[in-house]
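Here's the structure we're looking at; comments come further down.
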Amino acid sequence: MVKSKNSTSQVIDQIGTQERVARLFSRSIKKESKVQALHLALSMIDLTTLEGKDSSGKVKQLCYKASHLHDSFSGLPNVAAICVYPTMVPVAKKALEGTGINVASVATAFPSGMADLQAKLDEVKSVVEDGADEVDMVISRGEFLRGEYEYVSDEIAQVKEACGNAHLKVILETGELVTLDNVRLASDLAMEAGADFIKTSTGKVSPAATPSVVLTMLEAIKDYQIKTGKKIGMKPAGGIGTAKQAVQYLVMIKETLGNDWLSPDLFRFGASSLANDVLMQIVKQSTGHYQSKDYFSID
Amino acid sequence: MSKRIDIQKTYKLFIDGKFPRTESGRYIKWTDSNNTTVVNICRGSRKDFRNAMVSARKASRSWACRTAYNRAQILYRIGEILEGRRDQFMAELTLQGLTKKQTASEIDQSIDRFIYYAGWADKYQQVFSHVNPVSMPYFNFTVPEATGVVAAIAPNDTSLLGMVSIIAPVIAGGNSIVILASESFPLCSITFAEVLHTSDVPAGAVNILTGYRSELIEHFSSHMDVNAILYCGDNGVDKKLVETNAALNVKHVIQFPEQNWAKDEHQSPYHILKCQETKTTWHPIGV
């Protein structure tokens, strides 16, 4: 249990982090390696729709897309999961039957997390009962920033318990945590409280996943693995829309955490428009012609 | 005090409303006919074109959705700013081998082109739209609308007027454009980009590249996000390549031979129509 801010958590060198990011992102990945990276990125996507106007029709369409990314091109993987609001879980579960694609549901009063603990736990139990394989919870940022680390930690632990067999992803909403020190502390808290994945953002707050934040969280995962031997997953979400960014992040994970994390079991992209951009790049690599959105499914 | 050294202009590309150097870092040495002036021109690459296309696509919708009246104002504004830059274009055209008389007439006509198409920008749709008689209870009408993104290979033997004669009708019709400037006379193209930059033309609506035709024509014609390809020139191999690649996604193909761009036939509302899609609407009416 983390008692106070400075007892266990690292202080992050912001400039150093930015420089390391810049160096990693300048890598150029070409030809076969690029194609491989793009396929891998595709298989790591949590195809997401989190809008107030979501309808069961939209969710069904997204589920169809998840398993038929671009049928005119063979050898493409499926995405890892579909990420929806709690009310859409039954719809998604039914639509994805037999595809092997997971259903992830946001919960705990997403995106603000402003609800009492019991309401959050009930919501989590209900989505798990409906068949969600993965639960994306948000931490109480207000409590965190007030210094109530124990509250945040307990909350995560109780949500984890409510999840049962479902995987728990903990959204730190780094855009509201202000400093990298806070990001590191929140990462440590979440992992110690039982998170299977830590996730940057809800996608509703700007900035969402920034490279510095992702690197900070990856370093936290590495330290946690050295300390405990456990492998925690990572999910940057929000603002990742291009294949180029996706490949840059893959470079970052490989260099920070190694090959084990180059798998959908331990790394995911939360994105809605990334899949099409990656697909366009894959087809470009194969045909040699730059592609147009006109010939791909609507996001 | 020592003699002052002239500050030379750096000729760059015009992409997304900015003036980047080519991402490839390459350049072409351009010299005037007396070998007295040497200018480094960016040798644009495949990736420069791709970046320009991304920007043109982003800009195309908002440019097409502006009111025709606003597009007309902006085209007129380009004419205004061009007028104010007369001396600079004079100097560049002279450097590229034109006589004083030719220079003056090329600039006059370039300005007039924009004023001409500014006039047509908010009228061509009325003129070319029509109501079609149908023997069913429908009000059936047809309107021309912008086709989207146009990739163009500008005429090679004029520096300014040819390029202007291509760009003006395309943008008057609400399209965005990526144009490869004359390979032999590239100087005016980037100065013209500075005119566009100060004329309220939204970023990305017009992108100007410089470089080798032979290198870029393949990419201009094969990019799947291009809706129309416009080629000016007489090279048979290039023309065939354009047609073949255009078939990949059925682009419009518009070709012009090298010719005298000063002729009156180069300003006509029919040039706007070349980069338009025809939309026909069947609107139900009470029986």
Side-chain angles (χ1 to χ4, degrees), chain A residues 22-35 37-38 41-42 65 69-76 206 208 238-248 251 271-299, chain B residues 15-16 23-25 44-62 64 145-151 175-178 180 204 207 209 215-229 241-253 277 279:
Chain A
R23 200 167 331 138
L24 289 173
F25 278 19
S26 66
R27 295 276 170 88
S28 183
I29 310 288
K30 300 280 182 208
K31 308 251 162 71
E32 298 87 57
S33 324
K34 183 173 181 183
V35 174
L38 291 170
L42 214 49
K65 178 174 174 165
L69 281 168
H70 194 56
D71 284 347
S72 58
F73 196 91
S74 60
L76 292 175
S206 183
I240 303 167
T242 66
K244 188 175 180 180
Q245 285 174 299
V247 172
Q248 285 173 333
V251 170
S272 49
S273 57
L274 175 64
N276 272 5
D277 198 66
V278 173
L279 285 169
M280 276 163 57
Q281 289 303 316
I282 290 176
V283 178
K284 151 77 176 66
Q285 292 295 322
S286 142
T287 63
H289 307 307
Y290 283 116
Q291 296 299 306
S292 163
K293 281 201 174 114
D294 290 354
Y295 308 103
F296 292 81
S297 60
I298 295 168
D299 294 321
Chain B
I15 299 173
D16 199 28
E23 62 75 42
S24 67
S45 69
R46 174 175 65 93
K47 279 194 182 167
D48 292 321
F49 174 64
R50 185 203 49 192
N51 294 343
M53 278 302 299
V54 170
S55 156
R57 172 56 64 198
K58 215 165 61 193
S60 74
R61 200 179 164 76
S62 73
E145 286 184 345
T147 187
V149 178
V150 178
N175 299 290
S176 53
I177 184 169
V178 181
L180 178 65
N207 302 275
L209 306 183
E215 181 187 345
L216 291 171
I217 196 161
E218 162 81 28
H219 308 296
F220 268 63
S221 54
S222 70
H223 198 303
M224 300 288 277
D225 212 16
V226 170
N227 300 109
I229 169 92
L241 181 74
V242 165
E243 292 278 6
T244 312
N245 281 340
L248 285 170
N249 62 336
V250 210
K251 299 173 183 77
H252 286 284
V253 179
E277 298 292 335
K279 183 173 86 180

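Chain letters run A, B, ... following the sequence lines, proteins first and then strands; every chain starts at 1. Basis for what follows: all heavy atoms, side chains included, without hydrogens, waters or symmetry-related copies.
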Can you establish whether the number of heavy atoms outside Lys284(A) located under 6.0 Å from its atom NZ is more than 12? yes

If contact means a heavy atom pair closer than 4.5 Å, which residues of residues 220-227 of chain B contact chain A? Ser222(B), His223(B), Met224(B), Asp225(B), Asn227(B)

In residues 276-283 of chain A, which residues are in contact with chain B at a heavy-atom separation under 4.5 Å? none

